Amino acid sequence: LHQKKLKYFGVCFGYQMLARALGGKVVQARQGWMVGVKSVEVHSSQDWMSIDPRTNSEHVSASEGAIDLKVNVISSHQDQVVSLPANGVPVASSKGCPYAMFVVGDSLAGIQGHPEFQTAYAQPLLESRRGLIADDIVDAGILSFGKALDSQVVARWVIQFMKKKLLSPRSPRSPPS
């Protein structure tokens with residue numbers, strides 16, 4: 001994907017796989033399981049991270065072209081990226097997860113959380129992991145499901161990222177030998 005400049009946006013394990021495949025480091029998080037709704041703070045906004053002014057999220061805002069962002073995303077992971085691959089640019093972090101989002105060039109990106117998860121899916125999934133995950137961590141995760149999610153905002157970012165044209169065109173395929 002990277003050599004062919006094909007677009008890829010990794011989510012959770014796909015994000016970890018991307019980092020590792022390109023030389024980054026993925027390890028079991030020191031604090032263990034990170035579950036529930038986590039606030040992801042964007043430090044390096046990308047041009048595909050525009051905000052729709054119709055968003056009704058209280059903590060997502062855009063002002064005069066600048067983006068001041070914290071988005072709430074469901075997390076469910078025990079491993080995380082602790083060092084980025086060469087040319088990896090950190091985009092966002094969350095408490096306990098310094099690289100919650102990163103990009104490599106204009107063709108590869110990913111997020112540690114699960115923007116595709118909704119509470120109705122994630123809560124029973126988390127409940128089913130009691131025994132695997134300590135009760136106090138499960139309970140805290142379930143309490144966090146009362147927070148508003150920004151899944152639509154992050155989904156829009158993924159779509160805008162995938163639609164964005166690459167800066168350099170893909171190299172033509174070599175003729176068969």
Side-chain angles (χ1 to χ4, degrees), residues 8-20 22 24-52 55-63 66-85 87-104 108-123 125-127 129 132-161:
Y8 176 84
F9 197 103
V11 173
C12 197
F13 178 72
Y15 162 82
Q16 295 168 5
M17 181 181 68
L18 172 64
R20 187 167 179 159
L22 296 176
K25 187 174 181 183
V26 178
V27 299
Q28 191 171 56
R30 193 178 58 235
Q31 62 273 36
W33 281 94
M34 288 183 257
V35 296
V37 178
K38 303 296 180 192
S39 179
V40 176
E41 185 174 352
V42 175
H43 304 289
S44 176
S45 65
Q46 306 296 303
D47 58 359
W48 41 269
M49 293 176 129
S50 63
I51 298 298
D52 185 329
T55 185
N56 57 5
S57 178
E58 296 174 8
H59 54 281
V60 176
S61 62
S63 59
I67 297 179
D68 175 24
L69 282 179
K70 285 186 182 176
V71 292
N72 285 339
V73 178
I74 293 175
S75 285
S76 182
H77 62 95
Q78 184 175 350
D79 296 338
Q80 67 182 20
V81 175
V82 294
S83 67
L84 295 177
N87 301 320
V89 175
V91 172
S93 65
S94 61
K95 185 177 179 181
C97 187
Y99 303 116
M101 251 181 126
F102 77 90
V103 296
V104 177
L108 305 172
I111 186 167
Q112 178 60 73
H114 283 279
E116 78 283 13
F117 280 13
Q118 295 298 307
T119 301
Y121 172 77
Q123 186 166 343
L125 176 64
L126 183 54
E127 285 283 3
R129 291 182 172 169
L132 173 66
I133 303 173
D135 283 346
D136 60 327
I137 294 172
V138 171
D139 293 342
I142 288 171
L143 279 175
S144 74
F145 289 133
K147 297 177 186 174
L149 294 175
D150 296 308
S151 302
Q152 289 183 342
V153 171
V154 179
R156 195 173 309 112
W157 292 350
V158 174
I159 292 166
Q160 289 170 176
F161 172 80

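In what follows, every heavy atom counts, from backbone to side chain, and hydrogens, waters and symmetry copies are set aside. These figures come from a predicted structure and were not determined experimentally.
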Minimal non-hydrogen separation, Pro85 against Val104, with atom names: CG-CG2, 4.2 Å
Listed partners of Phe117 passing ring-ring contact (aromatic ring centres under 6.0 Å, His included), at least two apart: His114, Tyr121
Atom of Gly141, atom of Ser144 and distance for their closest heavy-atom approach: O-OG, 2.6 Å
Glu127: salt bridge (Lys or Arg N to Asp or Glu O under 4.0 Å) partners, not counting sequence neighbours: Arg130
Greater than 12 external heavy atoms within 6.0 Å of Gln152's CD: no
Set of residues satisfying side chain to side chain donor-acceptor pair (under 3.5 Å) with respect to Gln118, sequence neighbours excluded: Ser151
Distance (rounded to the nearest 0.5 Å) between Leu126 CG and Leu132 CG: 10.0 Å
Derivation and outcome, side-chain contact (heavy atoms from CB on, under 4.5 Å), residues Gln46 and Val91: CA-CA 8 Å; Gln46 306 296 303; Val91 172; 3.8 Å; yes
Pairing residues for Gln28 by the side chain to side chain donor-acceptor pair (under 3.5 Å) criterion, not counting sequence neighbours: none
Main-chain N/O of Leu18 paired to Tyr8 side chain as donor or acceptor, under 3.5 Å: no
Leu149 and Val73, any side-chain heavy atoms less than 4.5 Å apart: no
Distance, nearest 0.5 Å, that separates SG of Cys12 from NE2 of His77: 6.5 Å
Heavy-atom side-chain proximity of Gln80 to Val26 below 4.5 angstrom: no
Nearest heavy-atom neighbours spanning Ser44 and Val89: OG-CG1, 4.4 Å
Partner residues of Trp33 under the ring-ring contact (aromatic ring centres under 6.0 Å, His included) criterion, sequence neighbours left out: none
Closest heavy-atom pair and its distance - Phe9, Gly110: CE2-CA, 3.9 Å
Donor-acceptor contact present, side-chain Ser94 to main-chain Val40, <3.5 Å: no
Trace of the side-chain contact (heavy atoms from CB on, under 4.5 Å) decision for Lys25 with Val81: CA-CA 6 Å; Lys25 187 174 181 183; Val81 175; over 6 Å; no
Qualifying residues under side chain to side chain contact (heavy atoms under 4.5 Å, CB included), relative to Ala134, sequence neighbours excluded: Asp136, Ile137
Phe102 side, atom CZ; Leu22 side, atom CG - distance, nearest 0.5 Å: 6.5 Å
Atom pair CG/CD1 of Asp150 and Ile74 - distance to nearest 0.5 Å: 11.0 Å
Any donor-acceptor N/O pair, Gln31 side chain to Gly96 backbone, under 3.5 Å: yes
Nearest atoms (heavy-atom pairs only) where Gln16 meets Asp79: NE2-O, 2.8 Å
Distance in Å, Thr119 OG1 paired with Leu125 CG, rounded so as to fall on 0.5 Å steps: 12.0 Å
Glu41 side, atom CD; Ser93 side, atom OG - distance, nearest 0.5 Å: 5.5 Å
Test item: Asn72 side-chain N/O and Ala148 main-chain N/O as donor-acceptor pair under 3.5 Å: yes
Taking every non-hydrogen atom, the tightest pair across Trp48 and Trp157: CE3-O, 3.5 Å
Check: Ile142 and Gln123 side chains under 4.5 Å, non-hydrogen atoms: yes
